[in-house]
A.B. asks: 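Here's a structure for you.
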Amino acid sequence: MKFSFSWLKRHFETSQSIETIQTRLTSLGLEVDSIHSPGDALKDFKVAHIVSIARHPDADKLQVCQVDVGEDALIQVVCGAANAKANLKVVLGAPGTVVPNGNFTLKVSTIRGVESFGMLCSESELGLKADSHGIMELPADAPIGQSIVDYLQLNDAIIDIGLTPNRSDCLGIRGIARDLTAAGLGTLKPLNTPSIKESFPCPIPLTLDFNGGTQSACPHFRGRLIQGVKNGPSPLWLQQLMQSVGLKSISALVDVTNFFSQDLCRPLHVFDAKSIKGPVTVRLAKNGETLGALDGVTYTLTDQMTVVADNEKILALGGIMGSLESGCTLETTDVFLEAAYFDPIRTAQTGRKLGIHSDARYRFERGIDPQSTGPGLDLATQMILDLCGGEASSVVEAGKALKNQHTIELPYGMVKDLTGVDLPVSSITPILTSLGCQILNETNTAITVETPSWRHDLKIPQDLVEEVLRLVGYDTIPLLPLPPINTYTFAPLTLSQQRIARVRSLLANRHMMEAITWSMVDTKTFQLFGGTHETLRIVNPITTDLEWMRPSLLPQLLFALKRNLSRGITPLNLFEVGPTYQGIQPEDQKSVAGGVRVGLLNGNHWTKEERPYDIFDVKQDALAVLGMPSVQISQTNIPNWMHPYRSGLLMQGPKNILGYFGEMHPSILKTFGIKVPVMAFEVFLSSLPMPKAKPTNKGAVILSSFQPVEKDLAFIVDQNVPSEALVAVAKKAGQPLLTTIGVFDVYVGANVTDGKKSIAIRFHLQPIDATLTDGDIHGVFNRIINAVEKELGGILRDGK
Amino acid sequence: MSPIVSTIACIEKEALQAIQESKSLLTLEDVRQQYFGKAGVITTLLKGMGTATPEERQTQGPLLNGLRTTVMTALESKRDSFEQETLNIKLQTERIDVTLPGRDESEGYLHPIPQVMEEVMAIFGAMGFAVKEGPHIEDDFHNFTALNVPPEHPAREAQDTFYLNAERDGMPLLLRTQTSPVQIRTLMTEKPPIRVISPGRVFRADYDITHTPVFHQVEGLLIDKEITMGHLKGCLVEFLETFFGIKDLPIRFRPSFFPFTEPSAEVDIGCTRKDGTLKIGAGDSWLEILGCGMVHPKVLRNCTIDPKEYQGFAFGMGIERIAMLKYGIPDLRTFFESDVRWMDHYGFKFFERPSILNKVGGC
């Protein structure tokens with residue numbers, strides 16, 4: 001909401017500075033977004049008088065002016081404007097002055113051999129108009145040498161406030177003045193409603209034609225015919241007011257309605273009465289009816305939209321915009337003036353549906369004072385009569401004004417109970433009355449008030465508490481410490497939340513970069529990653545790239561990989577801990593840790609220990625995230641987007657899938673346009689067993705003082721025997737002395753039969769209460785060798 | 001002086017001189033053989049003690065032992081110095097350029113959004129707020145109706161809210177536009193006193209320089225018997241000072257409007273704007289940082305909590321916004337681009353995770 005300080009002063013007597021008012025507006029909840037004075041940039045421009053003018057000796061289109069700015073000597077200025085002539089009052093910018101439009105500094109210059117000491121300016125150069133022809137011409141009585149800021153009264157401050165949606169009362173400047181008055185910054189001038197001389201009865205009949213509970217669409221409508229007006233440009237003061245708040249001055253009749261919309265938040269409409277055929281009816285539109293509106297667009301209406309119509313056509317979309325055909329022009333002589341109340345919700349829905357924005361819609365949809373139809377109509381009638389002449393009819397009226405007032409009992413104690421501010425009871429009543437509340441009853445403990453019709457937002461006692469607090473200032477709220485908590489039972493994070501936090505640290509510690517990506521993907525990606533539920537489609541996506549709730553973290557990570565790869569960045573290690581969506585129920589949202597790795601590990605390192613990332617990097621990522629001692633790896637039911645023979649599922653028991661890891665399927669990478677292998681994993685944190693609070697006591701540990709025995713053995717097994725199976729068999733057979741066991745080599749090739757592989761394993765045996773004898777050691781390894789042979793058909797490799 | 005005494009003294013002098021003059025471990029070994037070898041000078045003298053009379057043994061024994069000890073000590077000391085010299089030479093040949101990079105030089109980083117969420121959790125956690133989360137796919141009731149947002153409110157329009165092709169209990173499903181539904185879920189399942197914060201992802205149908213379709217919020221809720229705006233102010237002032245690490249950070253509460261709070265406030269922090277850069281702290285300007293207020297009685301009633309018995313406050317703020325302010329990140333959209341160069345610059349090391357033990361204010 002934009003207004004000028006001088007417009008505010010039409011309603012408000014104050015001796016306060018603009019700075020004080022600015023600060024208080026913000027602390028009242030009418031937040032000042034900006035404040036500026038258009039005159040600031042023009043203070044050095046002066047009224048000047050062209051004393052004489054002569055053709056430039058060397059340029060046809062230039063003239064040399066001798067200009068008087070009230071100094072001892074005349075000033076010579078070269079000017080190219082066609083309208084420059086002797087005896088004209090103009091605007092001079094002297095050397096050193098900054099021209100607002102273009103932001104350049106004037107200098108003494110020589111133009112085709114003639115010196116020029118400044119510039120005669122146009123309105124567009126001064127920033128007063130968007131475009132203009134020739135230099136600005138001032139009235140003959142403009143005082144020579146005066147700053148144009150003073151002469152044109154450009155020193156007004158323009159204040160722009162951001163209004164919260166509840167404060168529609170301040171969409172009229174008088175509402176702002178009312179708040180400032182309540183805040184004690186000045187006094188509100190009385191608003192005198194004129195008594196209109198009604199010369200004839202209004203010949204236009206008016207009906208509200210609503211049924212079936214739609215009466216609320218327009219409960220009240222008043223109108224009046226004014227005959228014999230002479231429309232034309234508004235007087236200068238009205239033009240300047242319009243301009244000051246950024247409105248275009250159109251004509252006196254239209255400017256009057258815009259004036260009251262800004263001034264009192266009282267939208268009005270003027271129809272050219274000669275275009276109205278028969279009685280005026282306010283009703284809901286019929287589906288398919290059309291309106292050629294003032295904005296030049298033809299709108300097709302529905303039966304949910306309120307219209308003002310005559311016998312033949314729609315004259316206006318109620319509370320939003322009139323028709324072009326019934327609009328006032330400079331030829332208008334008879335005008336029908338409307339002051340009505342249109343329902344906020346219906347107005348908002350209509351405006352939104354048709355995409356029409358207007359000052360009227362903006363106000364009606366936020367809720368105007370329904371009791372302003374009376375004074376609003378009379379004030380506007382009077383202004384039209386004053387500016388355009390003519391004679392007014394009586395008022396036609398249909399329906400009656402909504403009350404829009406609430407009776408609220410405020411217990412005094414609620415002020416302190418809610419705000420912590422300890423106010424004397426005696427200060428509460430005057431605050432409420434200053435805002436327009438009527439006192440209905442006062443007791444020792446509570447006050448009952450009726451709220452004013454312009455404050456439809458005041459409904460419950462808490463609303464009144466906010467009003468009181470607003471006026472005493474939010475600065476008075478004390479700083480109080482929170483009540484203490486029981487630290488024994490309190491933990492800010494649940495164990496699963498703590499796990500998520502740890503997983504993030506862990507992956508960053510494993511040299512991965514954390515990404516945060518969109519929760520949505522495009523249709524094709526959704527399907528590629530196993531999405532099936534049509535319910536996960538967003539019906540109003542902002543782009544088809546983000547149309548489906550993602551079934552996996554990997555696609556957005558792949559997009560991220562691709563963006564980075566296209567910038568030539570490699571290697572890349574990205575992870576995200578975030579949501580995937582398997583369905584629409586709350587439990588279908590899964591917390592997942594996923595990651596991708598691409599490129600060479602140590603590719604830039606001087607040690608040349610480089611190698612491509614492989615599935616065992618991401619396998620370890622996944623296992624580290626899981627942090628569980630027993631996880632089985634399955635190679636069946638690998639997700640379609642993974643390499644079928646280079647991926648594994650991580651299982652707990654036969655059913656619970658905890659995650660997967662491996663190389664991404666080359667066809668998937670192809671659709672993403674990624675030409676290098678990508679290693680990936682996902683761990684479904686929501687599927688992990690709930691972390692349990694463990695006992696803090698870990699029990700005793702026996703640390704043997706005998707040296708462990710280390711031994712390497714290699715076994716020849718079938719190619720398809722998983723190394724894990726071999727390790728498991730050996731581990732079991734080696735109990736209880738066998739403590740650690742590790743695969744350190746896998747070999748296929750010369751000296752190993754086709755279809756077989758050699759797996760080399762390093763064993764550590766830990767003696768418990770005595771040094772091991774050769775017999776002990778042989779015993780353990782014979783058991784292992786026998787078990788491997790028996791259970792896996794593996795044999796000990798020669799020479800090992 | 002008896003002849004044997006002068007002989008011993010002579011041997012000692014010669015031996016020590018030979019040791020002194022040895023040029024290497026090899027020549028030193030020759031010296032050792034000469035004196036301590038099987039037929040060495042000192043070995044022979046010592047052997048001779050076996051046939052000596054008790055008197056001779058008593059007088060000569062200590063002398064010979066003294067000789068042996070002195071010469072042996074000199075030999076060992078000389079050998080040590082040769083070994084030290086050899087080692088020094090060997091060490092020199094083992095010289096390595098230690099300025100070469102260490103192994104494992106690639107680095108991982110944590111993203112500023114979860115980092116800042118954890119900072120927020122750490123501060124409010126210390127004030128007794130528990131962290132609550134909720135589903136992103138929500139219904140109309142939890143996201144709007146229960147929060148006193150009327151059906152005709154523009155926020156419900158498709159231009160602001162993403163709707164899914166699905167319904168639950170006859171209500172259209174949507175992506176939550178705020179984390180407030182978590183507050184509703186908490187109010188409906190827990191008994192006061194309630195003290196929770198709900199950080200998380202939220203969604204709005206908007207994408208431009210200052211809006212992204214996915215962003216993050218944290219909201220707080222405290223419901224108890226005697227909670228006032230004074231507690232709200234105390235709590236938020238403590239949070240803001242700690243988060244930004246600025247003591248006596250200017251903080252301003254001013255009236256505002258939200259459907260779910262009454263009275264409502266917006267909170268500004270002090271700042272200076274100079275040459276296009278913004279600095280948080282005491283200055284001539286203000287910056288809006290969060291919205292808050294006392295929970296509207298309708299919201300409590302919607303969750304079957306009696307507003308006559310309980311009241312409290314709620315607040316909410318944008319995670320990206322406070323992250324941008326604290327860490328000087330100029331563009332919102334960059335949070336979601338996963339550009340590793342950006343992460344190199346704005347990311348955090350894994351050990352920089354905030355905890356109650358690390359001061360998160362960064363001062």
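In what follows, chains are A, B, ... by sequence order, proteins preceding strands, each numbered from 1. If you're wondering where the values come from, they're calculated on a predicted model, not measured in any experiment.
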A.B. asks: Is F124(B) in contact with chain A via its backbone, its side chain, both, or neither, using a 4.5 Å heavy-atom distance?
C.D. replies: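 For F124(B), neither part sits under 4.5 Å from chain A.
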A.B. asks: So what's closer than 4.5 Å to chain A heavy atoms on F203(B): side chain, backbone, both or neither?
C.D. replies: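 Just its side chain gets close to chain A.
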A.B. asks: Hey, which of L482(A), L479(A), T164(A) has the most heavy atom pairs under 4.5 Å with chain B?
C.D. replies: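 Option with the top pair count is L482(A).
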A.B. asks: Please look at Q556(A) and chain B and tell me whether the side chain, the backbone, both or neither of the residue comes under 4.5 angstrom of a heavy atom of that chain.
C.D. replies: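 For Q556(A), neither part sits under 4.5 Å from chain B.
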A.B. asks: Let me know if E587(A) has heavy atoms under 4.5 Å from chain B in its side chain, its backbone, both or neither.
C.D. replies: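 E587(A) has no heavy atom closer than 4.5 Å to chain B.
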A.B. asks: Which atoms of L232(B) come close to chain A, meaning under 4.5 Å heavy atom to heavy atom: side chain ones, backbone ones, both, or neither?
C.D. replies: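 L232(B) has no heavy atom closer than 4.5 Å to chain A.
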A.B. asks: Determine whether the aromatic ring centres of residues W548(A) and H533(A) are separated by less than 6.0 angstrom.
C.D. replies: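 No.
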A.B. asks: Run the salt bridge (Lys or Arg N to Asp or Glu O under 4.0 Å) test on D617(A) and R597(A) for me, step by step, so that the C-alpha distance in whole Å, both residues' side-chain angles and the decisive distance to 0.1 Å come before the verdict.
C.D. replies: CA-CA 8 Å; D617(A) 292 302; R597(A) 292 183 183 270; 5.6 Å; no
A.B. asks: Heavy-atom distances under 4.5 Å only: say whether N564(A) touches chain B with side chain, backbone, both or neither.
C.D. replies: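 Just its side chain gets close to chain B.
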A.B. asks: Is there a side-chain contact between I113(B) and F336(B) (heavy atoms, below 4.5 Å)?
C.D. replies: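 Answer yes - side chains close enough.
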A.B. asks: Which bit of L100(B) is near chain A, if near means a heavy-atom gap under 4.5 Å: side chain, backbone, both or neither?
C.D. replies: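 Both the backbone and the side chain of L100(B) come within 4.5 Å of chain A.
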A.B. asks: With only heavy atoms counted, which part of L236(B) is less than 4.5 Å from chain A, the side chain, the backbone, both or neither?
C.D. replies: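 Neither the backbone nor the side chain of L236(B) comes within 4.5 Å of chain A.
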A.B. asks: Using a 3.5 Å distance criterion without hydrogens, assess whether the side chain of E576(A) forms a donor-acceptor pair with backbone atoms of T517(A).
C.D. replies: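 Checking the backbone N and O of T517(A) against the side chain of E576(A), a donor-acceptor pair under 3.5 Å is found.
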A.B. asks: Please classify the contact between F559(A) and chain B as side chain, backbone, both or neither, with a heavy-atom cut-off of under 4.5 Å.
C.D. replies: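 Contact with chain B is absent: no heavy atom of F559(A) under 4.5 Å.
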A.B. asks: Is it the side chain or the backbone of K132(B) that comes within 4.5 Å of chain A heavy atoms, both, or neither?
C.D. replies: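 When you check distances to chain A, only backbone atoms of K132(B) fall under 4.5 Å.
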A.B. asks: For R341(B) and D339(B): C-alpha separation, side-chain torsions, deciding distance, then whether salt bridge (Lys or Arg N to Asp or Glu O under 4.0 Å) applies.
C.D. replies: CA-CA 5 Å; R341(B) 299 164 302 175; D339(B) 186 325; 2.6 Å; yes
A.B. asks: Are the side chains of F257(B) and P165(A) in touch, meaning some heavy atoms are under 4.5 Å apart?
C.D. replies: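 They are in side-chain contact.
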A.B. asks: Looking only at heavy atoms, which two atoms of P297(B) and I460(A) are closest? And how far apart?
C.D. replies: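 Where P297(B) meets I460(A) most closely, the heavy atoms are CG-CD1, 3.8 Å.
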A.B. asks: With rounding to the nearest 0.5 angstrom, report the CD to CD distance, Q497(A) to E133(B).
C.D. replies: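 Going from CD on Q497(A) over to CD on E133(B), the span is 4.5 Å.
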A.B. asks: Without swapping roles, check the side chain of R254(B) against the backbone of D268(B) for a donor-acceptor pair under 3.5 Å.
C.D. replies: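 Between the backbone of D268(B) and the side chain of R254(B) there is no qualifying donor-acceptor contact (under 3.5 Å).
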A.B. asks: Heavy-atom cut-off 4.5 Å, strictly under: side chain, backbone, both or neither for V237(B) against chain A?
C.D. replies: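 Side chain only.
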A.B. asks: Given a strict heavy-atom distance threshold of 4.5 Å, which part of L164(B) is in contact with chain A: side chain, backbone, both, or neither?
C.D. replies: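 Both backbone and side chain.
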A.B. asks: Please state whether the side chain, the backbone, both or neither of H136(B) comes within less than 4.5 Å of a heavy atom of chain A.
C.D. replies: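 Contact with chain A is through both the backbone and side chain of H136(B).
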A.B. asks: Counting only heavy atoms closer than 4.5 Å, note whether E262(B) contacts chain A via side chain, backbone, both or neither.
C.D. replies: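 Both parts, backbone and side chain.
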A.B. asks: Select one option (side chain, backbone, both, neither) describing which atoms of E238(B) are under 4.5 Å from chain A's heavy atoms.
C.D. replies: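 Neither part, no heavy atoms under 4.5 Å.
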